[in-house]
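Indexing begins at 1, ligand by ligand and atom by atom, following the structure's order. All residue numbers refer to positions in the sequence shown, counting from 1.
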Amino acid sequence: MQKHPKGTRARVLLTSVFGPYAQDDQFGSRSINPMELYHNQVTRAQGAFSLRMFHRSWGIMMIQANVAAPCTVLDFPSREAFARELTVNQYDVVGISSIIVNIGKVREMCRMVRQLSPESVIVVGGHVSAIPGVETMIDADHIVRGEGIRWMREFLGENSEAPIQHPEIISGIQTRILGVRLPDRKGATAATIIPSVGCPMGCNFCTTSSFFGGKGKFVNFFETGDALFEVMNHMESSLKVQTFFMMDENFLLHRERALQLLHRMKKAGKSWGLAVFASANAIRKYSFQELVELGVSWLWMGLESPRSDYAKLQGTDTRQLTHDLRQHGIRVQGSTIIGLEHHTRENIAQEIDHAVEHRTDFHQFMLYTPVPGTPLYQQMSEQGRMLDNVDLADIHGQHKFNFRHAAISREDSKRFLDWAFQRDFEQNGPSLYRMCQTMLQGWRSHKNDSDPRVRERFARESAKLRSAYAAALWAMEKQFQRVNHAVSDEIRGLRREIEEEFGVAAKVASRVGGPALLWSTRREEKRLAAGRTYEPPTFLERTNWAEAEAF
Ligand code: B12
Ligand code: SF4
């Protein structure tokens, strides 16, 4: 590979695409596509009950932590902030990270670099590079497909085999719910750990799996449970966290690694909590007690559809599995696809109801979407079913079909998708309420667990039930009367159970904090109705910079 002539002395700028994001503009921002995980694709129909938070661009943080060259990360810049950084500092390399929807912004950023910093080499990485013919759409010098740490190290003439250093990542930023912004207190949120990228299951629509090699392949950053334990141990002391968001497409699939981590956690008496992604077939490799001891407290599982033939779902009654996981205090986030090949106008409502009946804590609905780079895209293209003239900025699974479906029209695809979110909300209530339900069940099942680490974790987690969550339930019960009386009654029932379980503290919290939260909830509803949106803050972080100044 061609190396940069300055090697590891080259100054590198790594940036995400510019905002604002939650608005419609000519660069591809869409109000329907905010820079928020939950509000974008999970709790979007839940109004003021929606969980709102931002996540940093971890790909460029990972690259920065693993190069010795002087490096700046600019995350969520405005166009002005990007222009300023390009002119205030002289960069040899400008790396732009993007996913497919943001191609228009990448094009504009390349143009800006050529104009404001013509000496810089432009490198574009991330999922955007999977677009066929991307080379002709943007003016970049290098377009990097797949894993970027190794590429950047090689480009800078550094050791590509050196062990991976994990950056310190706070998982969620500026969390907001019921109209209240939670304080960004150290330790209040989880740390993100990225054990690997890609997934060997190779489901046909899955972009992350195909991007990192497809079926049977993935890239491991931390091979063993021992290595993961060391990283987590470090984060525990530096970030003061005890909860970890394991950003691995299928964490539980790697059983040996997970059990080695469990062994180390037991030995060191760690009562850590883990939020993980896992497929149903991987979850079934563990007993519930193993999952609980491993600290799994949040699980994101693809449910797709009862009639799909994905290998990961075969032989699993996902409704029963969801029920059982929740009994053990494991919050379940389900994910269902709308518009699979067998869906028709006649059966789609039934399929959505099946999804809703899982009563997961959170539910993501996504349109079946052939995304460039995936086997599904290849297949649909060969069949001549891809629609022309769909803007890449609109191919994100929350808008309308980008292909010809045998039985469902493009317009109907959006209607069914919106209906799924609405139905889940109306039938099951706010996700925050469902989470409280799971937490109480978990507390009851495990408050007397024989493992002191498990008891400690459930005691820690349930502390919120007797304080903030008790108040939130009071507010939700009142506000949800407007949506569904029966569910509002259920919320009241849960609040009473919590008050019985935790006594006076919970009662006081709900009576005192409840009315305040009801007020902030209603204020937020008004703000949202008036068009309020939220944007992430800009971050600028430099590493190895003192050395750069000395050159
Ligand atoms: C966190 C996350 C987000 C965060 C924000 C991230 C951000 N700051 O941009 C939130 C929740 C806001 C989000 C939003 C969306 N996301 Co998102 N998100 C993710 C998620 C879960 C993790 C990303 C991550 O950090 N991975 C770990 C890092 C290490 O991997 P990486 O980012 O791919 O980076 C590696 C390489 O790609 C490469 N690389 C990356 N950047 C660069 C730059 C250079 C210069 C180089 C050389 C290399 C390089 O090197 C890195 C290390 O190997 C991924 C799924 C996944 N597992 O990756 C989806 C994912 C990236 N998101 C996706 C989508 C579609 C969206 C949304 C459109 C929502 C939706 N409808 O699904 C919105 C878009 C919002 C917007 N307006 O832009 C898709 C992208 C599909 C595609 N092919 O483009 C993914 C892959 C999920 C999926 N499977 O569908 N997302
Ligand atoms: S199991 Fe999940 S992460 Fe893995 S390939 Fe299938 S959809 Fe992608």
With the threshold set at under 4.0 angstrom, would you say [X] reaches ligand 1 through any of its heavy atoms?
{"X": "F76", "value": "yes"}
{"X": "G146", "value": "yes"}
{"X": "V219", "value": "no"}
{"X": "P536", "value": "no"}
{"X": "F212", "value": "yes"}
{"X": "F211", "value": "yes"}

S209 contact mode with ligand 2 (heavy-atom cut-off under 4.0 Å): side chain
Location of contacts on F205 toward ligand 2, heavy atoms closer than 4.0 Å: side chain
Protein heavy atom under 4.0 Å of atom 44 (C) of ligand 1: yes
Nearest protein heavy atom under 4.0 Å from atom 78 (O) of ligand 1, yes or no: yes
The one among C203, G302, G214 that brings a heavy atom closest to atom 5 (S) of ligand 2: C203
Cationic tip of K105 above F18 ring, under 6.0 Å, 45° of axis: yes
K217 and S209: side chain donor to acceptor below 3.5 Å: no
No-hydrogen, no-angle side-chain donor-acceptor test under 3.5 Å, S57 and D75: yes
Atoms of ligand 1 close to H396 [distance to a heavy atom under 4.0 angstrom, numbered from 1]: 68 (C), 70 (C), 71 (N), 72 (O)
Sequence neighbours excluded, every pair satisfying salt bridge (Lys or Arg N to Asp or Glu O under 4.0 Å) that has a member inside residues 87-100: K6-D92
Residue pairs passing the ring-ring contact (aromatic ring centres under 6.0 Å, His included) test where at least one lies in residues 104-143, sequence neighbours excluded: H127-F211, H142-W151, H142-F155
